[in-house]
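Take a look at the structure set out below.
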Amino acid sequence: MPDPVRIDKWLWATRVYKTRSQATTACRLNQVLINHQPAKPSRLVSPGDIILVEKDLMTRTLKVVDTLEKRIAAKLVAQYLEDLTPQEERDRSLKRREQHRVNKVFRWPGLGRPTKKDRRDIQKYLDREP
């Protein structure tokens, strides 16, 4: 039986997060749940655990297949986790990302922070019906 490993290390090693500090921060912000319980960065995971990760406007559901402490090649990730994220969540996430992209307001670089009037105009633009 493989040894349990810290959740922040596992998330980093399986490339869910780019850095271990990002994984640690996500745990501290309650964006990571292990078996539907909030996870501290030092919480140990073992094979069979279900992990919910809120990242990039999506909640991913991952099952721990095996544990590891060192980062691996992207091709090998499938040996250590099983992605159980439902297709509806993926579709919802895609829709949220598209909405987020559409809601960006263009501003010329170098203009500095928006004034109160600029912010009111931006809010009016965002609140209008498409």
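Since we're looking at a predicted model, the values are computed, not measured.
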Would you give the length of the straight line joining atom CG of Asn35 to atom CD1 of Ile50, rounded to the nearest 0.5 angstrom?
7.0 Å

Less than 4.5 Å apart, side chain to side chain, heavy atoms only: is that true for Val16 and Leu62?
yes

Look at the side chain of Asp91 and the backbone N and O of Glu88, then say whether any donor-acceptor pair between them is shorter than 3.5 Å.
no

Contacts of Arg96 meeting salt bridge (Lys or Arg N to Asp or Glu O under 4.0 Å) (sequence neighbours excluded), chain-then-number -> Glu89

State which residues pass salt bridge (Lys or Arg N to Asp or Glu O under 4.0 Å) with Lys117; sequence neighbours excluded, sorted by chain then number.
Asp121

Using the test side chain to side chain donor-acceptor pair (under 3.5 Å), find all partners of Asn30 that sit at least two apart in sequence or belong to another chain.
none

Tell me, do Leu76 and Gln79 make a side-chain contact under 4.5 Å, heavy atoms counted?
yes

Please round to the nearest 0.5 Å and tell me the distance separating atom CG of Leu11 and atom OG1 of Thr19.
11.0 Å

Between Asp49 and Ser46 (side chain of the first, backbone of the second, donor and acceptor by atom type, cut-off under 3.5 Å), is there such a pair?
yes

Could you grab the distance from atom OG1 of Thr59 to atom CZ of Arg90, nearest 0.5 Å is fine?
12.0 Å

On a heavy-atom basis, the closest approach of Pro86 and Thr61 is CD-OG1, 4.4 Å

Taking only residues at least two apart or on different chains, which pairs with a member in residues 25-46 satisfy salt bridge (charged side-chain N to carboxylate O under 4.0 Å, His left out)?
none

Would you say Leu44 ends up clustered with Val64 if hydrophobic residues are merged whenever their side chains have heavy atoms under 4.5 Å apart, either directly or through other cluster members?
no

Of all heavy-atom pairs linking Val65 and Glu82, the shortest is CG2-N, 3.8 Å

Distance col, row Glu98:CD vs Leu57:CG, nearest 0.5 angstrom, shows 12.0 Å

Suppose the criterion is salt bridge (charged side-chain N to carboxylate O under 4.0 Å, His left out): which pairs have a residue in residues 52-75, not counting sequence neighbours?
Lys9-Glu69, Arg60-Asp83

Might you point out which heavy atoms bring Tyr80 and Trp10 nearest each other, and give the distance in Å?
O-CZ2, 3.4 Å

Does any non-hydrogen side-chain atom of Tyr17 lie less than 4.5 Å from one of Val53?
yes

Spatial distance of atom CG (Leu81) from atom OG1 (Thr67) [nearest 0.5 Å]
12.5 Å

How many angstroms lie between SG in Cys27 and CD1 in Ile34, if you round to the nearest 0.5 Å?
7.0 Å

Connected via hydrophobic side-chain network under 4.5 Å: Ile51 and Val5
yes

Would a distance-only check, ignoring hydrogens and angles, find a side-chain to backbone donor-acceptor pair under 3.5 Å from Arg119 to Pro114?
yes

Would you check, one step at a time, whether the test side chain to side chain contact (heavy atoms under 4.5 Å, CB included) holds for Gln37 with Leu33?
CA-CA 5 Å; Gln37 299 294 321; Leu33 303 175; over 6 Å; no

Does one side chain, of Arg20 or Thr24, offer a donor that lies under 3.5 Å from an acceptor on the other?
no

Those residues at least two apart in sequence (or on a different chain) that pass salt bridge (Lys or Arg N to Asp or Glu O under 4.0 Å) with Arg120 are none

